[in-house]
Undergrad: 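Take a look at this one; I'll ask things after.
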Amino acid sequence: MSELRGWLLDLYPVAGSGMVLWLIGEDGMRRRLVQDFSAVFYAAGAAAQLRALWRWLQANPVPVRLSRTRRRDIFQPHPVDLMSIEVIEGASQERLFHEVSQIFPSLTYYDADIRPALRHAAAHGTFPLCRCQVGLGADGKVSRILPLDTPWEIDPLPPPLRILTIQPETDPRRGEPSALVVRFQQQNWRFDMQPPRALLVNLRAVLERCDPDLLLTDWGDGWLLPRLVELSKEGNIPLPLNRDPQMEIQVLPARSYSTYGQVIYRDQQMLLFGRCHIDSFNAMLFHDYGLSGVYEMGRVSRLPLQLAARLSPGSGISAMQIVKALELGILVPWHKQQAEFPKTTWQMIRSDQGGMVYQPLTGIHANVAEIDFMSMYPSIMVHCNISPETTKPARKPGEADQPEAEEEAGLIPQTLAPLLEKRLELKRRLADMPTWDPRRRIYKTQASAHKWLLVTCFGYMGYRNARFGRIEAHEAVTAYGREALLRAKEAAEDLGFTVLHMYVDGLWVQRQGADKPADFQPLLEEITERTGLPISLEGIYHWVTFLPSRQDERVPVPNRYFGVFQDGSLKVRGIELRRRDTPAWVAETQLELMELLAKCTDPMQLPQRLPAAITLLQNRLADLRHHRVPLDQLVVSQKLSRPLAEYTSRSPAARCAAQLQALGRETRPGQVMRFLYTLGEPGVHCWDLPSPADPASLDIPRYTTLLLRAASTILSPLGMDEGTLRGWVISRSGYLASPQADPSRRGETLPLLQASYSIPK
DNA sequence: TACAGTCGGGG
DNA sequence: GTGTACGACTGTA
């Protein structure tokens with residue numbers, strides 16, 4: 001018997017061995033350990049069917065232990081009688097269950113389709129990068145594994161990961177790259193793709209010498225690793241991408257799926273064994289989190305790092321619920337993928353009640369505080385103990401906040417509570433941490449990873465295919481959310497504030513003489529008192545402007561606004577800058593305009609910035625006309641929403657896809673098309689074509705309009721609508737003009753424009 | 001002018 | 001193999 005200490009990098013079942021665990025030892029050694037692994041699943045149903053299943057399993061060569069038991073199904077009022085099937089060789093469970101479900105389709109199954117890593121997490125308290133102590137038996141197998149920390153640790157001892165980075169020198173979407181750039185610690189290499197033999201030999205040497213734990217790539221899933229594997233096979237030169245020589249790289253195919261009201265395209269995935277491959281361009285939100293966010297996702301969701309890096313948030317929260325259910329002995333329903341049926345009218349009416357949305361007072365407002373409920377929906381689920389099993393179907397709005405005193409916390413609140421608590425603790429620490437502290441960045445990425453999990457937990461509960469979903473629970477949450485916002489509004493008005501706007505989980509309030517955090521503190525306390533939910537001061541704006549609709553300027557729109565906080569930072573929602581399909585040149589200019597205005601802390605002085613704004617726009621447009629704007633700054637990205645043939649009118653993205661298809665390059669729904677607007681037909685030039693765009697064909701009038709439109713969004717509160725702005729920036733002849741440059745306009749000054757203010761005296 | 005197509009949100 | 005529904009806005013026919 002010997003003991004090891006270290007960090008758990010990865011684990012997976014292997015037929016014939018059990019669970020393989022990769023441990024990074026405190027001594028720096030990387031060890032492949034093996035642990036016995038059995039997997040239990042359950043069947044319930046008619047006695048005759050269960051007897052038949054029992055006989056079938058006993059005659060089947062896969063060794064199992066069978067018994068009878070009872071357990072709780074949260075969707076049933078009483079514990080369920082079950083047949084327990086323990087598959088001795090856990091690696092065979094998936095295949096055995098598949099067969100059983102085909103032969104006995106009328107039985108109900110539980111705990112049947114659970115990832116082995118989650119079973120291990122529930123049984124041993126393990127998780128990716130968990131620091132642990134491992135006991136080895138005389139046979140060399142793991143006899144005991146003892147976690148030394150939990151996913152809720154704020155400052156875990158960081159695992160000493162060895163990271164190898166491989167990037168193609170150019171974007172593979174725009175043509176075959178000719179070289180790879182490879183980095184490890186302080187070392188850099190550049191390897192030509194040709195000849196393949198030299199490339200493979202060099203890479204092999206690097207892999208063997210560095211023996212990385214993490215392979216971090218650009219385009220590794222869709223291009224790099226598939227290409228390397230192909231070259232390695234063709235040239236018959238083995239490349240040890242896997243650390244575990246007994247395993248083959250696992251390829252998960254590309255897919256398009258529909259979620260969140262839109263189509264998502266996921267590229268294929270290349271999963272390694274014994275080390276983790278993370279493609280920073282295929283990892284969901286990698287650019288938001290960075291690596292430390294991926295580690296955090298893995299730790300709290302318990303999903304292996306390679307999966308955590310690419311997971312869509314729904315699967316993260318689902319994994320957490322499954323582990324919690326296993327820990328509590330609650331049955332995990334089999335996740336049958338149901339066909340999506342269109343919702344009935346009745347369901348449409350029911351789901352109609354979403355978050356509270358208010359009409360803001362348009363115009364420019366000074367000294368406004370924005371206060372937001374912190375993780376509102378998850379906080380409600382915990383505060384009101386809302387879970388599929390605790391929710392009574394006919395609960396009315398306003399009644400949801402009275403949990404029965406003795407009611408035990410439900411599955412969802414128990415899953416969320418530690419996550420919420422950790423997030424609050426991170427926020428508390430961030431609040432009084434100096435800006436230079438290097439831990440800030442880590443805490444921030446952790447908190448934003450949690451944010452995702454928390455936000456999606458709510459949406460997921462209303463999702464018909466969720467294992468622990470229940471529409472009534474979903475509705476109870478939104479009902480309480482609306483109620484809480486209304487109570488917050490009452491509290492604000494009782495304390496003498498004017499409520500300018502409310503949006504789902506935040507409100508904007510103003511009061512004469514209130515301009516520092518302490519002025520709003522009593523309101524925060526009063527709201528928490530009245531709602532039971534934590535709320536915080538997002539910030540105090542020097543000024544903020546809520547924009548009206550472009551279609552009809554009399555109509556305010558709830559989520560188009562921008563403003564400057566007292567710390568100088570900008571907050572922007574809903575406008576061009578925030579849209580993925582706005583070219584960088586337009587977005588950057590719009591941001592510059594806002595920064596120009598942000599120099600004014602007193603909104604009454606904003607009109608004084610107009611001449612500078614107009615000069616800026618004239619300069620940008622002169623850049624455009626004289627082809628001084630780099631073409632990549634003008635690229636527009638749009639997503640394909642459907643197969644090309646299904647378009648009735650071809651969007652620019654569809655026409656871009658047609659250009660790719662003409663060259664035999666397949667496109668799929670959800671894929672992002674990148675293109676330039678060009679003159680004539682078809683009006684776009686695909687950015688990822690081998691032939692570069694001719695700068696002379698650039699649709700300059702179109703880009704001019706895009707820029708002026710974005711600029712008018714920013715300047716319209718000062719009375720500058722798009723037409724007026726165009727007149728000031730461009731003369732009738734189409735050339736850039738200004739009163740200074742155009743003799744006929746010399747002496748003209750900006751007219752007095754009607755700006756709309758609401759400033760408390 | 002009507003309608004088809006794309007986007008945001010939370011950070 | 002996992003988020004809903006909807007309104008704002010733009011471009012096309």
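Below, chains carry the letters A, B, ... as their sequence lines are ordered, and counting in each starts from 1.
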Undergrad: Are A:Arg95 and A:Glu99 ion-paired here, with the side-chain N under 4.0 Å from a carboxylate O?
TA: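 Salt bridge: no.
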Undergrad: Between C1' on C:dG3 and CG on A:Leu453, what's the gap in Å once rounded to a whole number?
TA: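 Atom-to-atom, A:Leu453 to C:dG3, this comes out as 13 Å.
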Undergrad: Please check the phosphate of C:dG1 (OP1 and OP2 only) for any side-chain N or O of A:Ser315 closer than 4.0 Å.
TA: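 The answer is no; no side-chain N or O of A:Ser315 sits under 4.0 Å from OP1 or OP2.
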Undergrad: May I ask you to decide whether A:Glu425 forms a salt bridge with A:Lys422, counting only side-chain N to carboxylate O separations under 4.0 Å?
TA: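 So A:Glu425 does not pair with A:Lys422 through a salt bridge.
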Undergrad: A:Ile317 CD1 to B:dG10 P: how many Å, rounded?
TA: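 Rounded to the whole Å, the gap is 19 Å.
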Undergrad: Under 4.0 Å between a side-chain N or O of A:Arg560 and OP1 or OP2 of C:dC9?
TA: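 For A:Arg560, the contact criterion (side-chain N or O under 4.0 Å from OP1 or OP2 of C:dC9) is met.
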Undergrad: Are any of the side-chain heavy atoms of A:Pro128 and A:Asp10 separated by less than 4.5 Å?
TA: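 Contact flag for A:Pro128/A:Asp10 side chains = no.
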Undergrad: Does the distance from a Lys or Arg side-chain N to an Asp or Glu carboxylate O, for A:Glu576 and A:Arg550, drop under 4.0 Å?
TA: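 Yes, this pair counts.
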Undergrad: Between B:dA2 atom P and A:Gln551 atom CD, what is the distance in whole Å?
TA: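 The answer, rounded to whole Å, is 13 Å.
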Undergrad: Scan A:Tyr503 against the nucleic acid and name what it touches under 4.0 Å (heavy atoms): base, sugar-phosphate only, or nothing.
TA: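 Touches sugar-phosphate only.
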Undergrad: Would you indicate what A:Thr713 reaches in the nucleic acid, counting non-hydrogen atoms under 4.0 angstrom: base, sugar-phosphate, or nothing?
TA: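 Nothing: the residue A:Thr713, judged by heavy atoms under 4.0 Å, touches no strand.
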Undergrad: Can you tell which of C:dT12, C:dA8, B:dC7 lies closest to the side chain of A:Gln638?
TA: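 Given the options C:dT12, C:dA8, B:dC7, the side chain of A:Gln638 is closest to B:dC7.
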Undergrad: Would you tell me if any nitrogen or oxygen in the side chain of A:Arg580 comes within less than 4.0 Å of OP1 or OP2 on B:dC7?
TA: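 Checking A:Arg580 against B:dC7: at least one side-chain N or O falls below 4.0 Å of OP1 or OP2.
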Undergrad: Any side-chain heavy atom of A:Thr478 within less than 4.5 Å of one from A:Tyr377?
TA: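 Heavy-atom side-chain distance check passes, below 4.5 Å.
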Undergrad: Using OP1 and OP2 only, check whether a side-chain N or O of A:Tyr647 sits under 4.0 Å from B:dT6.
TA: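 Yes.
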Undergrad: Can you measure A:Glu722 atom CD to C:dC9 atom C1' for me and round it to whole angstrom units?
TA: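 From A:Glu722 CD to C:dC9 C1': 12 Å.
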Undergrad: For B:dC3, does either OP1 or OP2 sit under 4.0 Å from a side-chain N or O belonging to A:Ser649?
TA: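 Checking A:Ser649 against B:dC3: no side-chain N or O falls below 4.0 Å of OP1 or OP2.
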Undergrad: Just the rounded figure in Å: distance from C1' of C:dC9 to CG of A:Asp581.
TA: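 For the pair A:Asp581 CG and C:dC9 C1', the rounded distance is 10 Å.
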Undergrad: Assess whether side chain to side chain donor-acceptor pair (under 3.5 Å) is satisfied between A:Tyr443 and A:Arg429, documenting all intermediate values.
TA: CA-CA 9 Å; A:Tyr443 284 3; A:Arg429 293 198 188 189; 3.1 Å; yes
Undergrad: Are any non-hydrogen side-chain atoms of A:Phe373 and A:Ile380 less than 4.5 angstrom apart?
TA: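 They are not in contact (no side-chain heavy atoms under 4.5 Å apart), so the answer is no.
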Undergrad: Which part of the nucleic acid, if any, lies within reach of A:Arg655 when heavy atoms closer than 4.0 Å are counted: base, sugar-phosphate only, or nothing?
TA: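 Result for A:Arg655 = sugar-phosphate.
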Undergrad: Requiring both pairing distances under 3.5 angstrom, list the stems that contain DNA chain B and are made of three or more consecutive Watson-Crick or G-U pairs.
TA: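 For DNA chain B the paired stretches long enough to count as stems (3 pairs minimum) are B:1-8 with C:6-13.
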Undergrad: Side chains of A:Gln633 and A:Glu588, heavy atoms from C-beta outward: is any pair under 4.5 Å?
TA: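 Result yes, sub-4.5 Å side-chain heavy-atom pair found.
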Undergrad: Using both distances under 3.5 Å as the test, list the Watson-Crick or G-U wobble partner of C:dG3, or none.
TA: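 By the stated definition (distances under 3.5 Å), nothing pairs with C:dG3.
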Undergrad: Of the options C:dG11, B:dT6, B:dG5, whose atoms approach the side-chain atoms of A:Leu706 most closely?
TA: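 Among C:dG11, B:dT6, B:dG5, the one nearest the side chain of A:Leu706 is C:dG11.
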Undergrad: Below the 4.0 Å mark, does C:dT12 have OP1 or OP2 next to a side-chain nitrogen or oxygen of A:Arg650?
TA: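 Answer no for this pair, as no side-chain N or O of A:Arg650 is under 4.0 Å from OP1 or OP2.
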Undergrad: Side chain to side chain donor-acceptor pair (under 3.5 Å) for A:Gln306 and A:His277? Distances and angles first, verdict last.
TA: CA-CA 6 Å; A:Gln306 297 188 93; A:His277 169 230; 5.3 Å; no
Undergrad: Please work out if A:Asn559 contacts a base, only the sugar-phosphate, or nothing of the nucleic acid, heavy-atom cut-off 4.0 Å.
TA: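 The answer is sugar-phosphate, as A:Asn559 gets under 4.0 Å only of primed atoms, P, OP1 or OP2.
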Undergrad: Which residues in residues 561-577 of chain A have a heavy atom closer than 4.0 Å to any atom of DNA chain B?
TA: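 Of all residues in residues 561-577 of chain A, the ones placing a heavy atom under 4.0 Å from DNA chain B are A:Arg573, A:Gly574.
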Undergrad: Please name the pair of heavy atoms, one in A:Trp585 and one in A:Tyr703, separated by the smallest distance, quoted to 0.1 Å.
TA: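 Residues A:Trp585 and A:Tyr703, closest heavy atoms: CZ3-O, 3.7 Å.
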Undergrad: For C:dG7 and B:dG11, measure between their P atoms and round to the nearest Å.
TA: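 Each nucleotide's P atom is 23 Å from the other's.
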Undergrad: Under 4.0 Å between any heavy atoms, over every strand shown, what does A:Arg702 touch: base, sugar-phosphate, or nothing? Just pick one.
TA: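 Answer is sugar-phosphate: A:Arg702 comes under 4.0 Å of backbone atoms only.
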Undergrad: Testing the basics here: between A:Pro388 and A:Arg470, what is the closest heavy-atom pair and its distance to 0.1 Å?
TA: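 Looking at all heavy atoms of both residues, the shortest contact is O-NH1, 2.8 Å.
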Undergrad: Of the candidate nucleotides C:dT12, B:dC7, C:dC9, which contains the atom at the shortest distance from the side chain of A:Lys639?
TA: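 Side chain of A:Lys639 sits closest to B:dC7.
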Undergrad: Look at A:Arg467 and C:dG1 and indicate whether a side-chain polar atom (N or O) is within less than 4.0 Å of OP1 or OP2.
TA: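 A:Arg467 to C:dG1 OP1/OP2: no side-chain N or O under 4.0 Å.
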Undergrad: Below 4.0 angstrom from OP1 or OP2 of C:dT10, is there any side-chain N or O of A:Arg550?
TA: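 It does, given that an N or O in the side chain of A:Arg550 lies less than 4.0 Å from OP1 or OP2 of C:dT10.
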Undergrad: So do the side chains of A:Asp372 and A:Ile535 get within less than 4.5 Å of each other, counting heavy atoms only?
TA: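 No, side chains not in contact.
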Undergrad: Output yes when at least one side-chain N/O atom of A:Arg578 is less than 4.0 Å from OP1 or OP2 of B:dG9, else no.
TA: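 Yes, such a contact exists.
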Undergrad: Report yes if at least one side-chain N or O of A:Ser651 is closer than 4.0 Å to OP1 or OP2 of B:dT6; otherwise report no.
TA: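 So the side chain of A:Ser651 is within the cut-off, an N or O lying under 4.0 Å from OP1 or OP2 of B:dT6.
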Undergrad: Rounded to the Å, how far apart are A:Arg579 CZ and B:dT6 P?
TA: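 Spelled out: CZ on A:Arg579 to P on B:dT6 is 11 Å.
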Undergrad: Taking only N and O in the side chain of A:Lys451, is any of them less than 4.0 Å away from OP1 or OP2 of B:dG10?
TA: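 It does not, given that no N or O in the side chain of A:Lys451 lies less than 4.0 Å from OP1 or OP2 of B:dG10.
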Undergrad: How long is the line joining CD of A:Gln359 and P of C:dG7, in whole Å?
TA: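 In whole Å, C:dG7 P lies 12 Å from A:Gln359 CD.
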Undergrad: Nearest-Å distance, CG (A:Leu644) to P (B:dG5)?
TA: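 My rounded result for the distance is 12 Å.
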